[in-house]
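Worksheet: the structure to be examined is printed underneath.
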Amino acid sequence: MWQPNKLEEERLEKVRRLEERGVATYPARVERTHTTAAAVAAFESLEEHNADAASALRVTVCGRIRRVNLKGKVSFMHIEDGTGRVQLFLRINELGEATYSLVKEGLIDMDDFVQASGTMMRTRAGEVSVLVDELKLLSKSLSPLPVIKQAVQDDGSVVEFGEFSDPESRYRQRYADLAVNRDVREVFIKRAQIIRAIRHFFDSEGFLEVETPILQPLYGGASARPFVTHHNQLHQDLYLRISFELYLKRLLVGGYDAVYEIGRDFRNEGVSWKHNPEFTMAEFYKAYIDYNDVMDITERLLLCVAEEVLGGTTFTYQGDEIDLKAPWPRITVREAIKAETGIDYMAHPDAESLEAAIGESGESVAPGQTWGKLIEHLLGKFVEPKLIQPTFIIDYPRDISPFAKAVEYDDVHVERFEFYIAGMEMGNAFTELNDPRDQEARFIEMAQWYRTGDDDETPLDEDYLRAMRFGMPPNGGWGMGVDRLVMLLTDRRSIRDVLLFPHLREQK
RNA sequence: GGCCGUGUGGCGCAAUGGUAGCGCAGCUGACUUUUAAUCAGUUGGUUGUAGGUUCGAAUCCUACCACGGUCACCA
């Protein structure tokens with residue numbers, strides 16, 4: 001139940017006074033002719049050739065009032081719409097006493113949406129403005145937004161005074177954050193550009209965009225705990241997908257050579273600066289290629305997105321200068337771990353001896369992990385944070401990679417890579433396993449290894465095996481965390497800063 | 001989940017055991033080209049919640065809540 005505070009009470013009182021005077025506070029009709037940006041641009045282009053025509057330019061603009069400067073019988077406001085801002089020059093002469101008094105008495109004030117009609121002009125200080133002769137309230141704001149004042153420096157940079165920075169308030173009330181912090185709005189514009197660029201890339205490479213089930217009778221394709229839900233009429237438990245993998249590969253059986261999907265995955269796990277329970281994933285699968293080709297595609301994709309969104313291949317992330325220029329180094333897991341820890345896990349071919357070797361180096365790990373899990377731990381702890389420039393880490397242990405094809409003449413490694421940028425795992429890919437007998441054996445192996453752990457069980461998907469038995473072309477598959485790419489390209493340190501409504505604990 | 005930190009008017013901050021203050025916003029007034037407008041005056045707080053210690057608590061203690069960081073977890 002809303003308990004208006006003092007400021008809100010004052011605004012409610014203003015609404016009452018406006019309605020007393022017969023002013024509509026939430027009218028339905030708007031008559032906009034120009035966005036703020038279009039009005040300014042139109043004036044400036046006319047002004048170059050013909051000053052008279054420019055000052056005869058009549059516009060009706062709409063937007064939210066972001067600055068008010070009352071000066072007696074003349075006042076200034078800035079209104080902001082989705083395209084930018086424009087100044088309103090309000091003078092009692094043009095506006096008339098009745099309307100001007102609404103402004104003067106503060107009945108129309110900060111944060112309200114208004115419509116202003118008038119002719120374009122330039123003030124003595126040189127700012128392009130609308131000389132307003134009609135002003136209409138479009139929507140009254142009852143709760144004032146946090147106040148941020150801006151000063152434009154001589155060099156054109158904008159300095160802000162006052163801020164709305166409390167992370168909790170910003171995330172819980174993202175609408176206020178967006179309304180007040182332009183740079184936040186820009187992050188999400190860039191996010192949309194990034195996703196569009198990813199689509200462009202795959203479309204232009206001949207991939208088919210598809211949509212596969214989010215509600216699944218069986219989850220799989222990754223090692224993660226799922227969310228469970230229930231279909232009432234069918235009396236059936238369903239899982240929110242943790243990956244797209246198994247459905248997309250079924251489509252290769254169906255005869256598409258190359259498919260991709262961009263969508264939401266759900267993982268019932270801890271939240272952190274790089275984990276949100278729901279996040280956006282891009283995956284693709286392409287027939288007749290292997291993981292070497294997938295690495296080439298990865299390089300091309302990221303370069304293409306960076307070119308389209310940033311206009312270049314280098315950018316700064318949290319102080320690090322990052323260059324996406326290909327080729328990126330391709331280093332095996334074994335070499336990478338050896339270089340950072342001195343441990344050659346091939347000299348410790350089982351979990352017990354590897355755990356002992358890690359223990360000798362002064363590290364402690366949770367007991368009872370599989371050999372592959374230990375290697376993964378070493379990778380995450382010692383290698384990942386060092387991988388600032390884009391890097392492929394290749395050839396993973398088999399027991400943590402149930403959907404990847406074995407490296408030839410090597411029974412412990414599979415053709416899998418992850419790519420890292422700025423110390424963050426960005427994505428994961430393999431030469432996909434397409435032998436149904438091997439796949440079935442892997443499912444069973446996984447079940448044995450992880451039954452004790454019970455958490456990240458990989459359920460055996462009979463229908464997936466049935467699909468594979470019809471014949472699946474050799475193919476390369478790939479997945480990337482889109483939110484993390486957005487973090488990189490917008491220089492944000494937390495995934496919450498690139499999600500409009502990040503998950504927060506319920507407020508009691 | 002463990003540990004550390006933070007929580008004070010709408011927003012941003014101060015006050016380390018002794019009368020809760022400041023800036024912005026708000027409100028009243030002045031000002032017909034301002035732009036962080038300016039000038040004069042002024043309202044607003046049970047200090048996250050609940051207990052405790054103390055003559056006295058924003059400050060110290062305990063628990064809880066939320067957020068942030070970190071570790072664990074997380075292909």
Side-chain angles (χ1 to χ4, degrees), chain A residues 4-11 13-14 66-78 85 87-95 100 104-106 109-111 121-127 129 131 143-153 158-172 176 180 221-225 242-243 245 267-275 277 333 364-366 372-373 375-377 379-381 384 393 396-397 399-404 414 416-418 425 427-430 446 453 455-456 458 479 493-494 496 504-508:
Chain A
N5 63 34
K6 179 131 194 293
L7 299 180
E8 291 169 329
E9 293 284 10
E10 279 166 1
R11 294 240 172 149
E13 172 61 17
K14 288 177 180 185
R66 295 309 310 280
R67 172 179 169 261
V68 176
N69 179 11
L70 302 180
K71 279 185 53 67
K73 295 191 172 57
V74 60
S75 297
F76 299 88
M77 287 179 176
H78 277 117
R85 291 186 179 201
Q87 179 167 264
L88 305 183
F89 184 25
L90 306 161
R91 210 158 53 162
I92 195 164
N93 312 30
E94 282 78 20
L95 211 47
Y100 191 79
K104 188 70 202 302
E105 291 171 39
D109 57 357
M110 274 294 242
D111 308 324
M121 60 166 297
R122 207 176 264 280
T123 60
R124 203 170 289 162
E127 181 163 351
S129 308
L131 178 60
S143 302
L145 288 166
V147 179
I148 293 179
K149 294 191 175 188
Q150 297 181 328
V152 181
Q153 305 294 94
V158 175
V159 185
E160 292 191 335
F161 300 86
E163 55 181 344
F164 180 50
S165 56
D166 175 54
E168 185 175 354
S169 309
R170 285 184 46 230
Y171 297 146
R172 286 197 198 280
V180 151
S223 164
R225 270 179 287 175
I242 58 171
S243 86
E245 167 133 7
R267 296 188 183 176
N268 204 340
E269 284 161 1
V271 296
S272 78
W273 63 279
K274 51 181 177 176
H275 296 91
V333 172
S364 66
V365 288
K373 284 268 186 189
I375 290 168
E376 199 167 59
H377 174 82
L379 194 63
K381 176 124 193 208
E384 178 169 345
I393 298 294
Y396 279 66
D399 77 69
I400 50 169
S401 313
F403 302 106
V414 293
R416 166 181 174 186
F417 72 82
E418 292 187 338
E425 180 197 335
N428 185 19
F430 349 110
M446 294 301 287
D455 276 351
D456 30 7
T458 299
R493 200 178 37 204
S494 167
R496 294 188 179 108
L504 293 180
R505 206 177 294 259
E506 186 184 13
Q507 211 171 19
K508 292 183 188 129

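Proteins come first, then strands; the chains are lettered A, B, ... in the order of their sequence lines, and each starts at number 1.
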Determine the contact category for [X]: base if any of its heavy atoms lies under 4.0 Å from a base atom, sugar-phosphate if only primed atoms, P, OP1 or OP2 are that close, otherwise nothing.
{"X": "A/Phe417", "value": "nothing"}
{"X": "A/Arg11", "value": "nothing"}
{"X": "A/Lys14", "value": "sugar-phosphate"}
{"X": "A/Ser169", "value": "nothing"}
{"X": "A/Pro397", "value": "nothing"}
{"X": "A/Gly479", "value": "nothing"}

Rounded to whole angstrom, note down the [atom1] distance from [N] over to [M].
{"N": "B/C39", "M": "B/U34", "atom1": "C1'", "value": "15 Å"}
{"N": "B/U62", "M": "B/G2", "atom1": "P", "value": "15 Å"}
{"N": "B/U8", "M": "B/U59", "atom1": "P", "value": "13 Å"}
{"N": "B/G26", "M": "B/G9", "atom1": "C1'", "value": "11 Å"}

Taking all heavy atoms of [X] and all of [Y], pick out the closest pair and write down the distance.
{"X": "A/Tyr100", "Y": "A/Val74", "result": "OH-N, 2.9 Å"}
{"X": "A/Met110", "Y": "A/Val68", "result": "N-CG2, 3.9 Å"}
{"X": "A/Ser243", "Y": "A/Gly221", "result": "OG-CA, 3.2 Å"}

According to the Watson-Crick and G-U wobble definitions, with both distances under 3.5 Å, which nucleotide is paired to [N]?
{"N": "B/U32", "value": "none"}
{"N": "B/G5", "value": "B/C67"}
{"N": "B/U16", "value": "none"}
{"N": "B/C60", "value": "B/G52"}

Separation of [N] [atom2] from [X] [atom1] (nearest whole Å):
{"X": "A/Asp166", "N": "B/G10", "atom1": "CG", "atom2": "P", "result": "13 Å"}
{"X": "A/Leu504", "N": "B/C65", "atom1": "CG", "atom2": "P", "result": "16 Å"}
{"X": "A/His377", "N": "B/C73", "atom1": "NE2", "atom2": "C1'", "result": "12 Å"}

ask   = Nearest to the side chain of A/Val147, which nucleotide is it out of B/A66, B/C24, B/C27?
value = B/C24
Out of B/C11, B/A25, B/U70, whichever nucleotide has its closest atom nearest the side chain of A/Trp273 = B/U70
key: Residues A/Lys274 and A/Glu384 bridged, charged N to O under 4.0 Å   = yes
request  = For the pair A/Glu10 and A/Lys6, find out whether any cationic side-chain nitrogen is under 4.0 Å from an anionic carboxylate oxygen.
outcome  = yes
Sub-3.5 Å pairs of nitrogen or oxygen atoms, protein against nucleotides 32-38 of chain B:
from  : atom 1 : to       : atom 2 : distance (Å)
B/U32 : OP2    : A/Lys73  : N      : 3.3
B/U32 : N3     : A/Asn93  : OD1    : 2.8
B/U32 : O4     : A/Asn93  : OD1    : 3.1
B/U33 : O2     : A/Arg124 : N      : 2.4
B/U34 : O2'    : A/Asn69  : ND2    : 2.1
B/U34 : O2     : A/Arg67  : NH2    : 3.2
B/U34 : N3     : A/Gln87  : OE1    : 2.9
B/U34 : N3     : A/Gln87  : NE2    : 3.2
B/U34 : O4     : A/Gln87  : NE2    : 2.5
B/U34 : O4     : A/Thr123 : OG1    : 2.8
B/U35 : O4'    : A/Arg67  : NH2    : 2.8
B/U35 : O2     : A/Glu127 : OE1    : 2.8
B/U35 : N3     : A/Glu127 : OE1    : 2.6
B/A37 : OP1    : A/Lys149 : NZ     : 3.2
B/A37 : OP2    : A/Arg67  : NE     : 2.7
B/A37 : N7     : A/Asn69  : OD1    : 2.4
B/A37 : N6     : A/Leu70  : O      : 3.3

request  = Could you tell me whether the phosphate oxygens of B/C67, OP1 or OP2, come under 4.0 Å of any side-chain nitrogen or oxygen in A/Arg172?
outcome  = yes
query = Between A/His78 and A/Gln150, is any side-chain donor less than 3.5 angstrom from a side-chain acceptor?
reply = no
